[in-house]
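Index from 1, following the sequence.
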Amino acid sequence: FIKNLFADTRKCGRFAASFVPFHEPNLLLITSDQETEVFLHHGRQDRYSVILGGRTRETDPARLLKSVAAALNDLGVSYIELLVDAYSPELQAQALNARFLPSAYFPAYRKVGEKRWDYIVFSRSFEMLDFRNVRIMSTYRGFLKEYLNLWQTLYISQAFQDQGEHAPRR
């Protein structure tokens, strides 16, 4: 049902900007007023999800992504991915605002007409990162260092700021 609904919705041109080549939807999140639908691929065994597309009247994409992340976290998902067009800095900023981190860059990933578009994979994890037993190739050290800086900023530092704002005053 979900796969067919997704295909029908795409035929109507609703998800023209959506591009996820390796996954099919098997989960649909719908708000109680039915104004928002988000199609996802959900791997129950590995607790992994990919946001494939959706429709909404919500004007703040970060708020929508945060809501989807919260719903998936409640379902026990530990890792979420989202593909974002590399030429849409406003969407990239919204993904960052929703605490999704850039995890991979794919040059020429999608063919649109005669041109190829680049994409960025944004991810959000609900698990702590542990690199103690990982051998890091020198080629990737810079990327990993920046990723961990973003992780620190969006998760660790933010958590302490949030606690400080809500902590009882003495």
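Proximity of a side-chain donor or acceptor of Q94 to a complementary backbone N or O of A62 within less than 3.5 Å is detected. Judged by distance alone, with hydrogens and angles left aside, the side-chain atoms of Q92 form a donor-acceptor pair with the main-chain N or O of D85 at under 3.5 Å. Proximity of a side-chain donor or acceptor of S78 to a complementary backbone N or O of E127 within less than 3.5 Å is not detected. With R55 contributing its side chain and E35 its backbone, the two residues share a donor-acceptor pair below 3.5 Å. S49 places a side-chain N or O within 3.5 Å of a backbone atom of H41 that can act as its donor or acceptor partner.
Atoms CD1 and CG, from I120 and L82 in turn, are 10.5 Å apart once rounded to the nearest 0.5 Å. Considering CG of L101 and CG of L148, their distance stands at 9.5 Å, rounded to 0.5 Å. For the atom pair OG1 (T153) and CZ (R99), the distance works out to 11.5 Å, reported to the nearest 0.5 Å. Atom CD1 of I30 sits about 7.5 Å away from atom CZ of F39, to the nearest 0.5 Å.
Taking each heavy atom of L40 and V38 in turn, the nearest pair found is CD1-O, 3.6 Å. Taking each heavy atom of F143 and S103 in turn, the nearest pair found is CZ-O, 3.2 Å. Across all their heavy atoms, F126 and A69 have their closest contact at CZ-O, 3.5 Å. Nearest heavy atoms, T36 versus R57: OG1-N, 4.5 Å. In terms of heavy-atom proximity, E24 sits nearest to L52 at C-CD1, 3.7 Å.
Under the 4.5 Å side-chain criterion, counting only non-hydrogen atoms from C-beta, R124 is not in contact with F122. At least one side-chain heavy atom of P102 sits under 4.5 Å from a side-chain heavy atom of L96. For the pair W151/S125, a side-chain contact is recorded, criterion being any heavy-atom separation below 4.5 Å from C-beta on. Proximity of V84 to F100: side-chain heavy atoms (C-beta onward) are nowhere separated by under 4.5 Å.
Note on M137 and V134: separate hydrophobic clusters, where clusters join Ile, Leu, Val, Met, Phe, Trp and Tyr whose side-chain heavy atoms are under 4.5 Å apart, directly or indirectly. Placement of L154 and F160 within a single hydrophobic cluster is found when ILVMFWY residues are connected by side-chain heavy-atom separations under 4.5 Å, directly or transitively. By the criterion of side-chain heavy atoms lying less than 4.5 angstrom apart, applied directly or through intervening Ile, Leu, Val, Met, Phe, Trp or Tyr residues, Y140 is not grouped with F106; the two fall into different hydrophobic clusters.
At most 12 heavy atoms of other shown residues, nucleotides or ligands fall within 6.0 angstrom of atom CD in Q34. The environment of CZ in R116 is crowded: more than 12 heavy-atom neighbours from other residues, nucleotides or ligands sit within 6.0 Å.
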Can you list the steps and then say if I51 with L65 is a side chain to side chain contact (heavy atoms under 4.5 Å, CB included)?
CA-CA 9 Å; I51 299 172; L65 287 172; 3.8 Å; yes
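Taking the six-membered ring where the residue is Trp, Y87 and W117 present perpendicular rings, their angle passing 60° and hence far from 30°.
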